[in-house]
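Contents: one structure, followed by commentary.
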There are 2 protein chains.
Amino acid sequence: MGLRERKKLRTRRAIASAALRLFDERGFEETTISDIAAAADVSPRTFFSYFPSKDDVVFAEMDERLADIRARLAERPSGESPLATFRRVADALVEAISAEDEDGAIQVALIRDRPSLQAQALKRFADAEEGFVEVLRGIAPDLDEVTAATVMGVAFGGLRAAITYCRAQRYDADRTREATARALAIVEQVLESVPALTRPATDDAS
Amino acid sequence: MGLRERKKLRTRRAIASAALRLFDERGFEETTISDIAAAADVSPRTFFSYFPSKDDVVFAEMDERLADIRARLAERPSGESPLATFRRVADALVEAISAEDEDGAIQVALIRDRPSLQAQALKRFADAEEGFVEVLRGIAPDLDEVTAATVMGVAFGGLRAAITYCRAQRYDADRTREATARALAIVEQVLESVPALTRPATDDAS
DNA sequence: GGAAAAAGGTGCAACGGCTGCAACTTCGCA
DNA sequence: TGCGAAGTTGCAGCCGTTGCACCTTTTTCC
């Protein structure tokens with residue numbers, strides 16, 4: 001990784017953390033792009049070469065983790081059942097959004113309190129779901145498409161609802177893990193009733 | 001209903017349909033608030049006393065129907081089981097978003113093709129779900145909260161995924177109804193396995 | 001090591017969504 | 001008929017966002 005890329009990453013992080021800090025101190029709407037740029041020591045114009053919008057900077061970290069998960073979804077051990085794959089992805093998702101550090105906590109509060117950010121968080125979750133549906137279609141091509149979409153909607157819907165609940169209740173990371181584990185137990189019970197999901201996968205190399 | 005209110009409603013409809021028509025003709029981003037205002041014969045400033053944002057005009061009709069559904073959710077026949085209530089709400093939801101008229105079709109296409117509008121549609125769906133969770137808490141106070149949220153997430157998640165699929169596939173209203181019926185069958189099978197939902201409701205008058 | 005090319009940063013100007021404010025007009029009611 | 005409330009409008013302004021042209025830094029290739 002060259003000097004250029006390292007510097008870019010550092011700048012990106014600087015902008016994101018400056019933004020989070022300012023959002024926390026004086027509020028999201030009360031912070032302008034100029035403020036963020038000044039705090040991160042770049043020009044306002046430069047902000048937009050790192051993030052496409054002010055909202056997106058809130059999701060900077062989450063997007064990195066989601067990209068990771070998506071990438072790792074491809075490296076599925078051949079023959080693994082869809083259910084097992086889902087379990088892995090679900091665990092990773094829960095970890096991806098558990099706010100351990102200070103920036104994470106600010107981000108969670110921001111999203112919880114702002115409807116427009118909530119909407120964008122939901123969209124990201126839906127996109128993750130869609131990615132999983134694609135994988136599932138590859139694994140179980142005999143499964144009817146509406147059924148596949150519905151079953152994944154059920155799975156991700158349950159998980160999402162549990163996470164949203166934990167956030168609304170201001171659960172910490174530990175209690176969140178505990179609650180989502182219970183939610184996943186319910187969801188998995190559902191998934192186990194779909195035969196196509198528990199089979200070890202046909203594994204055509206499509 | 002006085003002259004005043006009738007006139008307001010007429011203006012609201014005029015703005016909404018002018019907007020949809022313009023979005024269809026020249027595109028969403030290419031249409032400005034001024035354009036819409038001119039087409040609806042009001043001042044640009046007035047637009048914002050009817051809709052809080054340009055995006056919201058796309059959801060004008062949907063929001064009316066969702067408000068209806070929410071209102072009717074309160075008039076639940078006493079003793080009806082949560083599952084039966086869900087069925088009613090789900091049917092109403094599917095109807096609420098089935099695009100029968102031309103404006104509806106434009107609206108559906110707009111949302112399908114624009115990520116930011118998709119996000120807002122998801123938010124509306126999530127809000128409907130939340131309303132249902134509140135009702136469920138009233139009906140079945142003995143049901144654990146995480147479980148209640150998860151189960152409703154499962155139900156609405158499945159329904160939402162099916163609807164999204166139909167839209168992506170450009171299904172017409174009939175095929176959408178057929179596909180969502182299948183999705184609902186899957187979802188209801190899940191809900192039937194939760195004892196608290198099939199009981200005719202405790203009906204404390206909370 | 002140095003020149004050319006590529007990539008990144010910056011300032012400027014502009015557009016458009018959105019808001020507060022202060023008139024002005026219209027409507028409902030007594 | 002006249003008064004107060006509600007609705008409409010224009011204005012000025014903030015801010016997010018973008019295209020463009022110019023400059024600086026890094027990389028690449030000889």
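Reminder, nothing fancy here: chain letters follow the sequence lines and each chain counts from 1.
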| Relative to the 5' end of DNA chain C, which residue comes earlier, B:R4 or B:K54, by the nucleotide with the nearest heavy atom? |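 Nearer the 5' end of the strand: B:K54.
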| query | Is the distance from OP1 or OP2 of D:dT8 to the nearest side-chain N or O of B:S43 less than 4.0 Å? | reply |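 Checking D:dT8 against B:S43, no side-chain N or O comes under 4.0 Å of OP1 or OP2.
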| Hey, is the side chain of A:Y50 poking within less than 4.0 Å of OP1 or OP2 on C:dG8, counting only N and O atoms? |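 It does not, given that no N or O in the side chain of A:Y50 lies less than 4.0 Å from OP1 or OP2 of C:dG8.
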| message | Just to be sure I understand the geometry, which residues of residues 6-38 of chain A put a non-hydrogen atom under 4.0 Å away from DNA chain D? | response |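 Heavy-atom cutoff 4.0 Å gives A:K7, A:T31, A:T32, A:I33.
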| Contact list for residues 105-116 of chain B, test side-chain hydrogen bond (donor to acceptor under 3.5 Å, both in side chains), sequence neighbours left out |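 Passing the test, one end in residues 105-116 of chain B: B:E29-B:R114.
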| query | Quick one: do B:R21 and B:D103 make a salt bridge, cutoff under 4.0 Å? | reply |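 No, no charged N to carboxylate O under 4.0 Å.
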| message | If the threshold is 4.0 Å, N to carboxylate O, is there a salt bridge linking A:E80 and A:R88? | response |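 A salt bridge is present here (some side-chain N lies under 4.0 Å from a carboxylate O).
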Starting from [atom2] on [N], measure out to [atom1] on [X] and report it in whole angstrom.
{"X": "B:R45", "N": "C:dG20", "atom1": "CZ", "atom2": "P", "value": "8 Å"}
{"X": "B:F48", "N": "C:dG16", "atom1": "CZ", "atom2": "P", "value": "13 Å"}
{"X": "B:D55", "N": "C:dG17", "atom1": "CG", "atom2": "C1'", "value": "10 Å"}
{"X": "A:E5", "N": "C:dA6", "atom1": "CD", "atom2": "P", "value": "17 Å"}

| Within 45° of the ring axis of B:F28 and under 6.0 Å from its six-membered ring centre, is that where the NZ or CZ of B:K54 lies? |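 Verdict for B:F28: a cation-pi partner in B:K54.
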| message | Looking at A:F156, I'd like to know if the NZ or CZ of A:R160 sits under 6.0 Å from its six-membered ring centre while staying within 45 degrees of the ring's axis. | response |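 No, A:R160 and A:F156 do not form such a contact.
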| said: Students often get this wrong, so: under 4.0 angstrom with heavy atoms, is A:P52 touching a base, only sugar-phosphate, or nothing? | reply: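 Answer is sugar-phosphate: A:P52 comes under 4.0 Å of backbone atoms only.
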| Does a donor on one side chain and an acceptor on the other come within less than 3.5 Å for B:S43 and B:T46? |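 On atom types as modelled, these side chains qualify, holding a pair under 3.5 Å.
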